[in-house]
There are 2 protein chains.
Amino acid sequence: MHSTTFPLPTDGELEILQILWDKGPSTVRAVNDEMNKLRAVGYTTTLKLLQIMDSKGLVSRDSSQKIHVYMYALPQEQTRKALLDRFLENAFQGAAGEMVLQLLGGHRTTEDELSKIRQLLADRDPKKQ
Amino acid sequence: MHSTTFPLPTDGELEILQILWDKGPSTVRAVNDEMNKLRAVGYTTTLKLLQIMDSKGLVSRDSSQKIHVYMYALPQEQTRKALLDRFLENAFQGAAGEMVLQLLGGHRTTEDELSKIRQLLADRDPKKQ
DNA sequence: TATAAAATACGAAATCATTCGTAGATAAAT
DNA sequence: ATTTATCTACGAATGATTTCGTATTTTATA
């Protein structure tokens, strides 16, 4: 049904994944530099985390050269969906509609996003089927 | 601007809050019984967690009687919103629209919820202003 | 009244996530 | 060729969360 299941990334791991999704294959140095644009993190901290993520299958690593290059193992969408499923269950007990209401009620959404959402809702409208 | 800020509940604490939001003021025994409908948890585990939550201000406690009665400190909506904000930032880098799309795309939402959402979107439609 | 049951308090183990220091290997620079 | 810089590996400290055992007190029961 579905491919081999990976553990969900922790918050720290997710920070790194965001960088890899954004920048593509990167060295530890590159990832760490990006991290330090946001907050102070030691080089070996980033290295260690990437090694752990590799051992968990969250990233892949090209170690054919001395300087290793890391890459995300799963696409952003798939990971976000898995995280969302867990959060929806934990915080909203699965009530997706409640969550959307909370989101639309309290957050800025761009006009572009809103129109995509309207389109999606229109497609789901039973009157239109 | 806003009242005193409390720490966000952990996942374990959230499980207990869900029970308190559902059942209202409850004894440790009552909370623990509810917990055990879902999974095996020792009585003192539930007790300890409630005591920690009290010390954090996440619940209030009536200890005027020997058998203490616990109650949530904040309404469900407020807590959910705070959790959602953090999650949205962590997992979706603040892109609320992306998150809604992911939700509507992949999850069952009831007709009732969908119509509430349509209403909310209609209210936001600039053409309707 | 003596015993048993049930409650709270609290210490502490177990696990996980995060962080960094140090050691050792390799490459670059002088 | 030394020295310096940069890299990976890895152990380990720290802190947070979860879990439970034990001690103590209080209430209910026999």
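Numbers restart at 1 for each chain; the letters A, B, ... are given by sequence-line order, proteins then strands.
- Taking only side-chain nitrogens and oxygens, Q51(A) comes nearer than 4.0 Å to OP1 or OP2 of dA9(D).
- Cluster membership check: F87(B) shares its hydrophobic cluster with W21(A), using side-chain heavy-atom separations under 4.5 Å among Ile, Leu, Val, Met, Phe, Trp and Tyr.
- S26(A) places a side-chain N or O within 3.5 Å of a backbone atom of G24(A) that can act as its donor or acceptor partner.
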Exercise for the section: Would you sort out whether V28(B) and H68(B) count as a side-chain contact (heavy atoms from CB on, under 4.5 Å), showing the intermediate values? Expected result: CA-CA 7 Å; V28(B) 178; H68(B) 299 178; 5.6 Å; no
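- In this structure, the nucleotide among dT6(D), dA9(D), dT18(D) sitting nearest to the side chain of R29(A) is dT6(D).
- Within residues 52-70 of chain A, the residues approaching DNA chain D are R61(A), K66(A), I67(A), H68(A), by heavy-atom distance under 4.0 Å.
- Between D33(A) and K37(A), none of the side-chain N atoms (NZ, or NE/NH1/NH2) sits under 4.0 Å from a carboxylate O, so this pair counts as no salt bridge.
- To the nearest 0.5 Å, the span separating CG on L14(A) from CZ on F92(B) amounts to 10.0 Å.
- Between its opening and closing five pairs, the helix from dT1(C)-dA30(D) to dT30(C)-dA1(D) changes axis direction by 10°, a value rounded to 10 degrees.
- Applying the salt bridge (charged side-chain N to carboxylate O under 4.0 Å, His left out) test to pairs two or more places apart or on separate chains, those with a residue in residues 8-22 of chain A are E13(A)-K56(A), E15(A)-R39(A).
- For DNA chain C, the span of nucleotides reached by chain B at under 4.0 Å from its heavy atoms goes, 5' to 3', from dA6(C) to dA12(C).
- A distance of 10.5 Å separates CG in D62(A) from OH in Y70(A), rounded to the nearest 0.5 Å.
- A donor-acceptor contact shorter than 3.5 Å is absent between the side chain of R61(B) and the backbone of Q51(B).
- Residues of residues 33-47 of chain A having a heavy atom closer than 4.0 Å to DNA chain D, listed by number: Y43(A), T44(A), L47(A).
- Qualifying side-chain hydrogen bond (donor to acceptor under 3.5 Å, both in side chains) partners for N90(B), counting only residues two or more places apart in sequence or in other chains: none.
- Remark: P of dA9(D) and NZ of K48(A) are 10 Å apart, rounded to the nearest angstrom.
- Note: CD (E13(B)) to P (dT17(D)) measures 7 Å, nearest angstrom.
- No donor-acceptor pair closer than 3.5 Å links the side chain of T46(B) to the backbone N or O of T44(B).
- In this structure, the side chains of I52(A) and L58(A) stay at 4.5 Å or more apart for every pair of heavy atoms.
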